[in-house]
Number of protein chains: 2
Amino acid sequence: MTVTEANQFRAVCDAAGIAVTHQRQVVYQVLKSMNGHPSPEEVYAPVKVRIPSISLATVYKTIHLFIESGVFREVSLHHGTLRVETNARPHHHLVCIGCKSISDIDAEELGIGAAARKLPGGFLAKRYAVDVLGLCADCQKSLS
Amino acid sequence: MTVTEANQFRAVCDAAGIAVTHQRQVVYQVLKSMNGHPSPEEVYAPVKVRIPSISLATVYKTIHLFIESGVFREVSLHHGTLRVETNARPHHHLVCIGCKSISDIDAEELGIGAAARKLPGGFLAKRYAVDVLGLCADCQKSLS
DNA sequence: CTAGGTGCAAAGTATTTGCAACGCT
DNA sequence: AGCGTTGCAAATACTTTGCACCTAG
């Protein structure tokens, strides 16, 4: 890791109020160097090459810490368990970043319509599934 | 269940090419009667009241069957495991309904910008996370 | 020095699978 | 009758936790 990279990471940790450890530096660096949407196991593999003694649990803890601190994001805020849509109308989701609740909003009401079209890379778009991330009324109150 | 409901369900099963069983009828009916985004356990509870001998495994199998057949949708196509965003730029996701792959598309390129605003119900929108559902180039080929 | 971080192993949760018995068509 | 479906129990996958030791500040 270059001096610049180390300083950058130090600044990130200071901002988050967490300690700078060797493990965290390596996880940070590996994440920065990866493309796509790696799972904890996929992060663990290259990290373990550089720190053979590291445990998967530490990688999990570190990833969560980075997400809580806003250093990285997770792909889906509601990835936990399988959930079934009971609402058959075209709609999108209001996802509260405070309490993680999900409520529905009609597609029309949000003003983002579906649009079958070709996108760059030859991807054929069929429909949009929009998560509107924000704060529900209750969480706005409790934060004020 | 009314005669009409039973016929409706029979039509659904015929269209999907699956057998009409008592278990499936009850799971279908319970899902139709629920609001929100129930987990398999939450579906299992009321179903078990009506069919005490049913197993959770059957509820899982039935829900998956309904999703594959297009009878119900799942809330997130990529809910499986924790995934980290390594792309720091504002972007959205192209999710292939064929192979489940996820690739990124810049927010600008998609033409759906962020917009902090108040929505009905007092929800304070901070940003959008858009999944564009469709078929990637490879899956379009293999389906033709 | 000491609060916070780490590694290990065990526990927890969510989901899937193999298989014998059973029920729809 | 025959094949798909069910229930059970065991297996698997993913993630978290308790605790003794270690390390950054």
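Below, read A as the first sequence line, B as the second, and so on, with proteins coming before strands; counting in each chain starts at 1.
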Asker: May I ask you to decide if the ring planes of A:F66 and A:F72 are parallel, tilted or perpendicular, using 30° and 60° as cut-offs?
Answerer: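 Rings of A:F66 and A:F72: tilted, 30 to 60°.
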
Asker: Please work out if A:Q23 contacts a base, only the sugar-phosphate, or nothing of the nucleic acid, heavy-atom cut-off 4.0 Å.
Answerer: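 The residue A:Q23 makes sugar-phosphate contact but no base contact.
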
Asker: If you compare every side-chain N and O of B:R24 against the phosphate oxygens of D:dT6 (OP1, OP2), does one of them come in below 4.0 Å?
Answerer: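 Yes, because at least one side-chain N or O of B:R24 sits under 4.0 Å from OP1 or OP2 of D:dT6.
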
Asker: Could you tell me the separation between the NE2 atom of B:H78 and the P atom of D:dC14, rounded to a whole number of Å?
Answerer: 17 Å

Asker: Is it the case that the side chains of A:Q8 and A:Y28 hold a donor-acceptor pair, with the cut-off being a distance below 3.5 Å and no angle test?
Answerer: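 Side-chain D/A pair, A:Y28 to A:Q8: present.
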
Asker: Measure CD/B:E41 against C1'/C:dT13 and give the value in whole Å, please.
Answerer: 9 Å

Asker: Side chain of A:A57, heavy atoms from C-beta onward: which of C:dG7, D:dT17, C:dT17 has the nearest atom to it?
Answerer: D:dT17

Asker: Rounding to a whole Å, what distance do you find between B:E74:CD and C:dA14:C1'?
Answerer: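 Result: 15 Å.
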
Asker: For B:I54 and for B:T81, locate the closest nucleotide of DNA chain D by heavy-atom distance; then report the residue assigned to the nucleotide nearer the 5' terminus.
Answerer: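 On the 5' side of the pair lies B:I54.
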
Asker: When you measure from the side chain of B:R10, which nucleotide among D:dC8, D:dC14, C:dT25 comes out closest?
Answerer: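 From the listed options, C:dT25 comes nearest.
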
Asker: Does A:S55 place a side-chain N or O at less than 4.0 Å from the phosphate oxygens OP1/OP2 of C:dC8?
Answerer: no

Asker: Could you tell me whether A:E42 and B:R83 have a side-chain N and a carboxylate O separated by less than 4.0 Å?
Answerer: yes

Asker: Decide whether A:M34 and A:L65 are clustered together by the hydrophobic rule: side chain heavy atoms of Ile, Leu, Val, Met, Phe, Trp, Tyr closer than 4.5 Å, transitively.
Answerer: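 No, separate clusters.
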
Asker: Is a side-chain N or O of B:H64 found less than 3.5 angstrom from the main chain of B:T62, in a donor-acceptor match?
Answerer: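 Judged by distance alone, no pair lies under 3.5 Å.
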
Asker: Going by distance alone, is a donor N or O of one side chain under 3.5 Å from an acceptor N or O of the other, for A:H37 and B:D104?
Answerer: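 Yes, B:D104 and A:H37 have a side-chain donor paired with an acceptor closer than 3.5 Å.
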
Asker: Can you tell me if the side-chain N/O atoms of B:Y60 get under 4.0 Å from OP1 or OP2 in C:dT16?
Answerer: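 Looking at the OP1 and OP2 atoms of C:dT16, neither is under 4.0 Å from any side-chain N or O of B:Y60.
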
Asker: Could one point to a donor on the side chain of A:K61 or the base of C:dG7 with an acceptor on the other under 3.5 Å away?
Answerer: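 Per atom types, the contact qualifies.
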
Asker: Could you state the CZ-C1' distance from B:R83 to D:dC14, rounded to the nearest angstrom?
Answerer: 11 Å

Asker: Would you mind reading off the distance between B:Q25 atom CD and C:dG23 atom C1', rounded to a whole angstrom?
Answerer: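 Taking CD of B:Q25 and C1' of C:dG23, I get 13 Å after rounding.
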
Asker: Looking at every non-hydrogen atom in both residues, tell me the closest pair between A:L77 and A:K100 and how far apart they are.
Answerer: O-CD, 4.4 Å

Asker: So if I apply the side-chain hydrogen bond (donor to acceptor under 3.5 Å, both in side chains) rule between A:D106 and each of A:R89, A:H92, A:H91, which one comes out positive?
Answerer: A:R89

Asker: Rounded off to whole Å, could you give me the CG-to-P distance for the A:D14 and C:dG4 pair?
Answerer: 16 Å

Asker: Start at the 5' end of DNA chain C and walk down; is the nucleotide closest to A:L65 or to B:S39 reached first?
Answerer: A:L65

Asker: Give a yes/no answer on whether the side chain of B:H64 brings an N or O atom under 4.0 Å of OP1 or OP2 in C:dT15.
Answerer: no

Asker: In whole Å, I'd like the distance from the CD atom of A:E42 to the C1' atom of D:dA13.
Answerer: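 So the CD-C1' distance, A:E42 to D:dA13, works out to 14 Å.
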
Asker: A:L56 CG to D:dT15 P: how many Å, rounded?
Answerer: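 Value for this atom pair: 9 Å.
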
Asker: Give the residues of residues 15-22 of chain A touching DNA chain C, defined as any heavy atom closer than 4.0 Å, sorted by residue number.
Answerer: A:A19, A:T21

